[in-house]
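Heads up, the thing below is written out as C-alpha cells.
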Amino acid sequence: MSFTSALNNFAQGLDPTVTRLVLGDFEFLDFEVPERLALPGRQKTVLHQMVGGKRVIDVLGVEYDPLTWSGVITGSESGDRVNKLERMRDAGEQITLTLDDYSYTVVITNFTPVYEFIYRRPYTIEVGIVARNDSPLKVDALTGALQGLLDSDIGQALGLSDIIDVQSVTDAVTTVQSAVKKVTDFAHATVEQVQAVVRPIIAAQTIVQQQLSQLESAASDITTLGGLVPGNPISKTVSNLLSQADQTTRIPALYSLQNVLGRLNKNVNSGQTADGVRTVTLSGGNLYQVASDQYGDASLWSSIASANDLTDPQLSGINTLTIPSNPTS
C-alpha cells in the first residue's frame with residue numbers, strides 16, 4: 001500500500017482514534033466532524049405546590065434537546081455531499097445517528113450549508129431526537145430488576161405455603177404463580193394484564209386472612225398451656241398441645257405470607273409507573289378529562305380508574321392519581 005493510499009484510508013474514517021459520526025448512510029469525514037458535540041438531556045417534571053408547603057413532583061420521562069453541530073465540507077465532492085444532506089433533510093425521514101458509542105433515532109430539522117468556494121462548504125445541522133437507542137435505562141434493565149423482585153416474592157410465597165400446609169392456601173399461591181408467569185414484561189404491561197395478576201393475589205390474601213381468623217379463634221379457646229384444665233381427659237389435653245404447637249408454626253407463617261402477597265401486589269402494580277408518567281395531582285375534575293390530557297383519548301379513563309381502584313369517573317377533593325404508561329381501551 002502506498003503512502004498516498006494510506007492517507008486516503010485514514011481520510012475515509014478508518015483511523016480508530018478519530019471520532020466516528022454517521023447520520024443514516026452519510027458518514028462525516030475530516031473537518032466535517034465537529035471538535036465537540038453537546039448531548040443535552042433532562043428528566044422532565046411537573047412541580048405541584050400543595051397547601052401547607054408540601055410538594056409533589058410528577059416525573060414525565062427523559063426529554064432530549066435537539067443536537068446541533070457545525071463543520072466544513074471540503075474537497076472535489078463537497079457539492080455532491082451537500083446535496084445528499086439536503087435531500088435527507090427534505091425527505092424528513094427517521095434515521096439513525098451514531099456518535100461512537102451513542103446511538104439515536106433522529107430527524108434532520110435543519111441543515112444550512114454556506115457556499116464559500118466550490119471545494120469548501122461550511123455547514124450547520126440540527127437533528128431532533130425521536131429516541132435514544134443505547135440508553136442505560138432501557139427496557140431490559142427495568143424489566144430485569146422488576147422481574148427479580150417478583151421472582152423473589154413468588155419464591156418466598158411458595159416456601160411459606162409449604163410451612164402453612166393448608167391446601168386452599170397452597171392452591172391460591174400456585175394460582176398467583178401461574179398468573180405471574182403469563183406476563184413476560186411487567187415494566188410495560190397493560191392495565192388488563194396487571195389486573196389479571198392482581199385479582200388472584202387479592203383472592204389469596206382473602207384466603208390467608210380466613211385461615212388466620214380460624215387459627216386465632218381456635219387459639220383463644222385454649223386458655224392455658226395445652227388446655228391443662230382440671231377434669232380434662234388426657235386425650236383432650238394431648239389434642240390441645242398438638243393444636244397449640246401447630247398454631248405456633250402456622251400463624252407466624254400466615255402473617256409473613258400476608259406481607260409477601262402485599263409486597264407482590266405493589267411490585268406488580270409498580271410496572272405501570274416505572275416507565276413514563278407516574279402521577280398527576282389535581283383538585284376535583286373527572287377521569288375523562290385526565291385521560292384526554294394524558295393520552296389524547298377520553299375513552300381510556302377506565303385504565304386510570306383501574307390503576308387507582310376507582311369506579312366513579314367524577315373526582316372530589318385533591319387527588320394524586322397514578323397514570324398507567326400502557327392504557328387499554
Side-chain angles (χ1 to χ4, degrees), residues 57-59 61 135-216 219 246-279 302-311 320-328:
I57 297 179
D58 296 334
V59 179
S135 173
L137 295 179
K138 290 297 287 181
V139 173
D140 290 344
L142 185 62
T143 301
L146 185 56
Q147 192 61 49
L149 293 174
L150 296 174
D151 289 343
S152 176
D153 291 339
I154 289 295
Q156 291 184 51
L158 290 171
L160 289 167
S161 67
D162 288 341
I163 295 173
I164 296 166
D165 195 24
V166 174
Q167 191 60 47
S168 60
V169 173
T170 300
D171 291 344
V173 171
T174 302
T175 301
V176 171
Q177 181 189 28
S178 299
V180 170
K181 283 184 176 180
K182 292 179 181 178
V183 182
T184 57
D185 182 7
F186 276 97
H188 299 84
T190 64
V191 172
E192 183 178 355
Q193 289 175 312
V194 170
Q195 290 301 312
V197 178
V198 169
R199 284 190 287 269
I201 292 176
I202 294 175
Q205 288 176 309
T206 301
I207 292 173
V208 169
Q209 187 56 53
Q210 291 172 349
Q211 288 296 320
L212 274 170
S213 298
Q214 292 176 12
L215 287 175
E216 288 177 341
D246 185 51
Q247 292 156 7
T248 302
T249 301
R250 289 183 174 177
I251 289 177
L254 284 165
Y255 275 113
S256 295
L257 183 55
Q258 277 283 51
N259 292 334
V260 171
L261 290 173
R263 185 173 64 243
L264 179 63
N265 196 351
K266 290 181 179 179
N267 287 335
V268 166
N269 280 286
S270 69
Q272 279 295 320
T273 60
D275 183 30
V277 177
R278 293 177 181 272
T279 61
S302 58
S303 290
I304 301 175
S306 296
N308 293 276
D309 295 325
L310 298 174
T311 55
T320 297
L321 301 174
T322 297
I323 307 299
S325 56
N326 298 286
T328 53

Inset, instruction - Compare all side-chain heavy atoms of L310 with those of L321 and state whether any distance is below 4.5 angstrom. - result: yes
Inset, instruction - Could you tell me whether the side chain of L264 reaches within less than 4.5 Å of the side chain of V197, counting heavy atoms only? - result: no
Legend entry - Partners passing side chain to side chain contact (heavy atoms under 4.5 Å, CB included) against S306 (at least two apart in sequence or in another chain):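 Testing S306 for side chain to side chain contact (heavy atoms under 4.5 Å, CB included), a comparison that skips the adjacent residues, returns V191, Q195.
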Which heavy atom of [X] sits nearest a heavy atom of [Y], and at what distance?
| X | Y | answer |
| --- | --- | --- |
| A204 | V176 | CB-CG2, 4.1 Å |
| V169 | Q211 | CG2-CG, 3.8 Å |
| T170 | S161 | OG1-O, 3.8 Å |
| A179 | P200 | CB-CG, 3.8 Å |
| L254 | I164 | CD2-CD1, 3.5 Å |
| A253 | L160 | O-CD2, 4.0 Å |

For [range], which residue pairs pass the salt bridge (Lys or Arg N to Asp or Glu O under 4.0 Å) check, not counting sequence neighbours?
| range | value |
| --- | --- |
| residues 169-179 | none |
| residues 194-210 | none |
| residues 148-170 | D153-R263 |

Inset, instruction - Any chance you could lay out the side chain to side chain contact (heavy atoms under 4.5 Å, CB included) test for Q205 and N265, step after step, and finish with the verdict? - result: CA-CA 10 Å; Q205 288 176 309; N265 196 351; 4.3 Å; yes
Inset, instruction - Find the distance between CG (N267) and CD1 (I201) and round it off to the nearest 0.5 Å. - result: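 Interatomic distance, N267 CG to I201 CD1, rounded to 0.5 Å: 9.0 Å.
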Inset, instruction - Check the pair I154 / V260 against side chain to side chain contact (heavy atoms under 4.5 Å, CB included), numbers first and verdict last. - result: CA-CA 8 Å; I154 289 295; V260 171; over 6 Å; no
Inset, instruction - Go through the structure and list residues passing side chain to side chain donor-acceptor pair (under 3.5 Å) with N308, not counting sequence neighbours. - result: none
Inset, instruction - Just jot down the side chain to side chain donor-acceptor pair (under 3.5 Å) partners of Q209, sequence neighbours excluded, or say none. - result: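 Side chain to side chain donor-acceptor pair (under 3.5 Å) list for Q209, sorted by chain: Q258.
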Inset, instruction - Measure from the side-chain N and O atoms of S152 to the backbone N and O of L149, and report whether any donor-acceptor pair falls under 3.5 Å. - result: no
Inset, instruction - Sorted by first residue and then second, give each side-chain hydrogen bond (donor to acceptor under 3.5 Å, both in side chains) pair with at least one member in residues 173-182; sequence neighbours left out. - result: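 For residues 173-182, and leaving out neighbouring residues, there are no side-chain hydrogen bond (donor to acceptor under 3.5 Å, both in side chains) pairs at all.
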